[in-house]
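Any value given below was found using the heavy atoms of this structure, including those in side chains, with hydrogens, waters and symmetry copies removed. Chain letters run A, B, ... following the sequence lines, proteins first, then strands; residues in each count from 1.
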2 protein chains.
Amino acid sequence: MSSRPTMHDVARLAGVSIKTVSRVVNQEPRVDPDTRSRVQEAIDELGFRRNEQARSLRPGQSTALIGLVTGDLSNPFYSSIARGIEEVAHEHGHLLLTASSEEQPGRERQVIGAFLQHNVAGLVVVPTPQAHLQLTPEALRGIPVVAVDRPIGPTGTFDSVVLNNRVGAHAAVTHLLRDGHTRVAMIDGDPAVYTGRERTAGYLEALAEAGLASDPALILQGYHGDRQAEAAMHLLLDMATRPTAVFVTNNRIALGALKALHARRRSLALASFDDFELAGILPTPMTLVSYDAVEMGRQAARRLFGRIERRGGAPADIIIPVKLHLPEETN
Amino acid sequence: MSSRPTMHDVARLAGVSIKTVSRVVNQEPRVDPDTRSRVQEAIDELGFRRNEQARSLRPGQSTALIGLVTGDLSNPFYSSIARGIEEVAHEHGHLLLTASSEEQPGRERQVIGAFLQHNVAGLVVVPTPQAHLQLTPEALRGIPVVAVDRPIGPTGTFDSVVLNNRVGAHAAVTHLLRDGHTRVAMIDGDPAVYTGRERTAGYLEALAEAGLASDPALILQGYHGDRQAEAAMHLLLDMATRPTAVFVTNNRIALGALKALHARRRSLALASFDDFELAGILPTPMTLVSYDAVEMGRQAARRLFGRIERRGGAPADIIIPVKLHLPEETN
DNA sequence: ATGAAAGCGCTAACAC
DNA sequence: GTGTTAGCGCTTTCAT
């Protein structure tokens with residue numbers, strides 16, 4: 001339980017000054033090879049590790065820490081992003097702090113504050129709609145921020161990495177229409193969420209392009225989570241003239257929809273955003289819009305380190321491509 | 001881009017000494033209410049935040065940081081654990097650092113080293129088999145460690161939080177046997193992994209208890225990942241006298257098994273560790289051993305903070321209960 | 001109730 | 001090539 005060794009301890013053991021130890025530790029060039037190896041021996045013998053806390057106290061020395069705020073780390077989408085960020089952070093010798101906002105602006109404010117107190121070198125945020133309120137220039141003081149999955153507040157102030165939501169939804173719905181479906185319903189969650197809005201827009205665009213009027217009765221919004229989505233699907237199945245195909249805006253909703261179909265022993269053409277490992281095995285044919293969430297994290301982190309290293313340029317919106325999987329391929 | 005305000009700045013603005021500011025920030029009692037509010041105003045005006053880095057430089061002051069090492073954060077099992085830890089860490093005013101070992105001892109050593117350099121107050125580790133080599137008392141210097149999912153090295157040296165693997169496997173297999181199955185096969189991944197070993201043991205115990213000899217031909221080991229598991233299931237289906245039921249030790253293997261069954265349009269009784277959201281919808285009836293991974297993380301974190309706060313006692317093995325889901329319930 | 005001064009472990013100037 | 005010194009922002013004696 002002895003306290004950890006300092007450069008001072010190493011210096012004493014090696015019979016040199018603390019500065020020489022610092023030089024060796026930081027791989028500075030102008031050190032005599034003999035001295036260097038003597039110091040290195042002392043370091044090994046004591047098991048010395050530089051105290052990062054102390055190092056980064058000096059002005060200009062960043063903390064080698066970056067922070068990530070997501071809605072809920074246990075969500076595989078977010079944890080995949082975290083994984084990608086972690087990977088790039090590691091390449092840059094940085095460690096990753098994670099915290100969940102639970103999609104609540106209050107929590108978000110709190111965790112961003114905590115990150116700033118720990119002097120993170122940068123922040124990746126899956127922002128709540130109020131995120132721009134906490135991420136003011138005064139609070140940030142030059143600490144770079146990259147938004148993931150959703151942009152932050154007014155466009156053009158922060159870098160962002162988002163999916164090609166509109167195009168993905170458009171492609172999925174267009175596929176259904178090409179298959180001959182004319183009554184294509186849609187189920188979305190909270191209409192306040194950026195991704196849902198974009199995907200809804202893609203759905204509408206596809207209908208319009210095909211010369212179909214969108215039927216308000218077939219557009220169900222505000223059904224978040226699988227339970228509510230299940231109810232929504234039941235509503236659709238209860239209709240006098242049922243839709244023959246349904247586009248749902250995420251995998252939680254898809255799950256609920258599948259449950260409802262299963263309960264009623266029915267099937268129809270289903271299209272969804274987000275991949276489904278078991279899709280190929282299900283009795284319901286699914287058209288899926290998939291993407292690489294880990295890569296999303298990597299891109300965000302790369303952008304962040306670009307900013308941390310003071311590579312400038314205007315804030316950019318990085319678009320992650322999506323891929324359409326047709327049911328014929330998966331089954 | 002002005003540099004962040006320090007206690008010094010606050011002190012000057014409030015017309016007091018830096019120590020008084022420190023007292024206010026730390027909520028120490030003996031401060032004049034007037035002075036306190038004057039200081040508070042200055043803090044608010046400047047947007048002052050205490051620098052955690054500097055605070056924790058003083059000896060005895062911990063970093064308010066804990067570290068988590070998992071195999072791969074993008075794995076939902078691990079990220080659920082991370083979520084539970086995060087939750088408890090937040091309650092204790094700590095932040096969570098995460099890193100992935102990729103199940104490689106070298107990476108594990110590296111990230112643990114990095115965490116120690118950042119003066120984490122404690123560590124939660126999903127250990128590789130070699131973890132005990134990095135987690136020596138000399139390297140740790142009193143920093144507490146809790147193992148999750150698998151114990152670390154020789155038992156009795158570290159606290160651990162693990163699932164009731166044996167009992168879960170036993171219960172699942174016993175259920176199959178009670179249903180009248182006599183040829184129950186098993187597919188496992190890497191036999192070096194603790195959880196797989198325990199689950200295999202539970203399988204064997206259940207057979208023995210039922211008075212059945214275990215048939216080596218029905219025990220397939222070393223099939224990690226869904227691809228290899230798929231092949232394993234094909235092997236079973238190719239047998240002259242096929243098993244009528246199969247127990248698989250995790251959900252990756254279950255996925256492969258399901259794919260094989262689907263490809264050959266066959267069905268048999270399948271039992272698996274780990275839950276499956278879509279289990280109720282699949283054509284194959286599944287017996288599932290489920291558990292609360294988030295709670296696992298919470299328990300580990302609680303234990304860790306017990307140690308950080310110097311509450312002693314011998315290292316304990318905390319067992320997380322599992323639950324059996326029969327196919328009748330889910331379908 | 002408040003303040004002055006020392007020092008945590010490290011790095012950056014600036015000697016020598 | 002190596003050492004001395006100052007100081008990062010904070011907390012902690014110890015005075016007052």
Nucleotide C/dC8, atom P - distance to CE of A/M7 in whole Å
15 Å
Just how far, in rounded Å, is C1' of C/dC10 from CG of A/N26?
9 Å
Polar side-chain contact A/K19-C/dA12 base: donor and acceptor under 3.5 Å:
yes
Residues from residues 8-18 of chain A lying under 4.0 Å of DNA chain D - heavy atoms:
A/V16, A/S17
Between atom CD1 in A/I43 and atom P in C/dG9, what is the gap in whole Å?
16 Å
A/R30: salt bridge (Lys or Arg N to Asp or Glu O under 4.0 Å) partners, not counting sequence neighbours
none
Do any N or O atoms of the protein come closer than 3.5 Å to N or O atoms of nucleotides 14-16 of chain C, and which pairs are they?
none

Shortest non-hydrogen contact between B/S100 and B/L73, atoms and distance:
OG-N, 3.1 Å
Hey, is the side chain of A/T35 poking within less than 4.0 Å of OP1 or OP2 on D/dT2, counting only N and O atoms?
yes
Side chain of A/R58 only, heavy atoms from C-beta on: which candidate in C/dG9, D/dT11, D/dG1 is closest?
C/dG9
Any idea how B/H94 and B/F305 line up, ring-wise: parallel (<30°), tilted (30 to 60°), or perpendicular (>60°)?
perpendicular
State, with a plain yes or no, whether a side-chain heavy atom of B/V161 is found less than 4.5 Å away from one of B/I320.
yes
Here the distance between atom C1' of D/dC8 and atom CZ of B/R50, to the nearest Å, is 17 Å
If I take atom CZ in residue B/R30 and atom C1' in nucleotide D/dT16, what distance separates them, rounded to the nearest angstrom?
14 Å
Heavy-atom donor-acceptor pair, B/R150 side chain to B/V162 backbone, under 3.5 Å
no
Contacts table for residues 111-126 of chain B: side-chain donor-acceptor under 3.5 angstrom, sequence neighbours left out:
from   : atom 1 : to    : atom 2 : distance (Å)
B/Q117 : NE2    : A/R50 : O      : 3.3
B/N119 : OD1    : A/R4  : NH1    : 2.2
B/N119 : ND2    : A/N51 : OD1    : 3.0

Considering only D/dG1, C/dT2, D/dG9, which nucleotide approaches the side chain of B/T6 most closely?
D/dG9
Is the phosphate of C/dC8, meaning OP1 or OP2, less than 4.0 Å from a side-chain N or O of A/N51?
no
Do the non-hydrogen side-chain atoms of B/D159 and B/R307 ever get within less than 4.5 Å of each other?
yes
Separation of D/dC10 C1' from A/Q117 CD (nearest whole Å)
13 Å
Quiz: residues 38-49 of chain B side-chain donor-acceptor pairs under 3.5 angstrom, not counting sequence neighbours:
from  : atom 1 : to    : atom 2 : distance (Å)
B/R38 : NH1    : B/A14 : O      : 2.6
B/Q40 : NE2    : B/D44 : OD1    : 3.2

B/T20 has its side chain closest, among D/dG9, C/dT2, C/dT11, to C/dT2
If each of B/V31 and B/L57 is mapped to the nucleotide of DNA chain C with the nearest heavy atom, which maps nearer the 5' terminus, i.e. the 5' end?
B/V31
State, yes or no, whether a side-chain contact exists between A/Q104 and A/T128 at a heavy-atom distance under 4.5 Å.
no
Paired and unpaired positions of DNA chain C as dot-bracket, Watson-Crick or G-U wobble under 3.5 Å, | denoting a partner strand:
||||||||||||||||
So, the side chain of A/R23 versus the backbone of A/E28: is there a donor-acceptor pair under 3.5 Å, distance only?
no
Validation row: B/E87, B/V294 side chains within 4.5 angstrom (heavy atoms)
yes
Would you say C/dC10 has OP1 or OP2 under 4.0 Å from some side-chain N or O of A/S22?
no
Gap between atoms CZ and P, on B/R38 and C/dA1 respectively (whole Å)
15 Å
Would a distance-only check, ignoring hydrogens and angles, find a side-chain to backbone donor-acceptor pair under 3.5 Å from B/S101 to B/T70?
yes
Using a heavy-atom cut-off of 4.0 Å across all strands, would you classify A/R55 as base, sugar-phosphate, or nothing?
sugar-phosphate
Nearest-Å distance, CZ (B/R36) to P (C/dT2)?
9 Å
